[in-house]
Amino acid sequence: MRSPLTVPRVCGVLAAAALGALLLPVWPVLRVSDEGSTIGYLPLSEGERFTITYMHSIDHLPIEEDLVLRDGRLVAETTRIRQFGAGMGQIPGEGTGYADGEWWVIDDMGRDVGTELALRVGSPTVDHRLVADGTEVRLSPCLAAHRVTLDPARAATLPLLVRGAPHPRC
């Protein structure tokens, strides 16, 4: 014979279901980690872009690199530079380059970066930043010379509520 449903039992089942919903990794994100420890998440669904911005270490002009999430992989799509600096420019056969005001833009690159991007954060004058969905994360003030990794992941609701957007601690 089955035991009747009681209010405490129903409440227990509902509480367990709610806790499970908070802990299930369902939200697509870009996980940001400092030396292997997660410091936060940026929303990033399939097909969405995020940008890495910084100042070139030699010519001190801004660079913006757009990456997109495709099939669980990070793909470099666009680079915007103020001029061709050391190590910058268009690779033959990769994307389309054109002038856009003060910027030189290389678009439609389609360069597969992989499932993780490791970034050695530059000094505060380099000013490494991440921008996604209107959120900007300044990395250089607190994480200069750190190895920051970016990887597509799924996050549960509870860590998103607790950690949210990355806020590097100095």
Got [X] and [Y] here, is their nearest side-chain heavy-atom distance under 4.5 Å?
X	Y	value
Glu46	Asp71	yes
Val32	Val148	yes
Arg82	Trp103	yes
Arg138	Asp127	yes

### Query
Would you call Asp66 and Arg80 a salt bridge, taking side-chain N to carboxylate O under 4.0 Å as the test?
yes

### salt_bridge(Glu64, Arg49) N-O dist < 4.0 Å
no

Please round to the nearest 0.5 Å and tell me the distance separating atom [atom1] of [X] and atom [atom2] of [Y].
X	Y	atom1	atom2	answer
Leu117	Leu74	CG	CG	6.5 Å
Thr51	Arg129	OG1	CZ	10.0 Å
His128	Leu143	NE2	CG	11.5 Å
Ile81	Glu65	CD1	CD	9.5 Å
Asp108	Thr78	CG	OG1	6.5 Å
Leu67	Leu30	CG	CG	9.0 Å

### Message
Using only atom types and a distance under 3.5 Å, with no angle test, would you say the side chain of Asp59 pairs donor to acceptor with the backbone of Leu61?
### Response
yes

### Side-chain donor/acceptor of Arg120 to backbone N/O of Ala145, under 3.5 Å
yes

### Message
I'd like to know whether Thr125 forms a side-chain hydrogen bond (donor to acceptor under 3.5 Å, both in side chains) with Ser123, so could you lay out the CA-CA distance, the side-chain angles of the two residues, the decisive distance to 0.1 Å, and finally the verdict.
### Response
CA-CA 5 Å; Thr125 58; Ser123 69; 2.9 Å; yes

### side chain to side chain contact (heavy atoms under 4.5 Å, CB included) between Ile52 and Leu150, intermediate numbers included
CA-CA 11 Å; Ile52 301 171; Leu150 312 172; 4.1 Å; yes

### Message
So which atom in Gly72 and which in Pro152 form the shortest heavy-atom distance, rounded to 0.1 Å?
### Response
O-CG, 3.5 Å

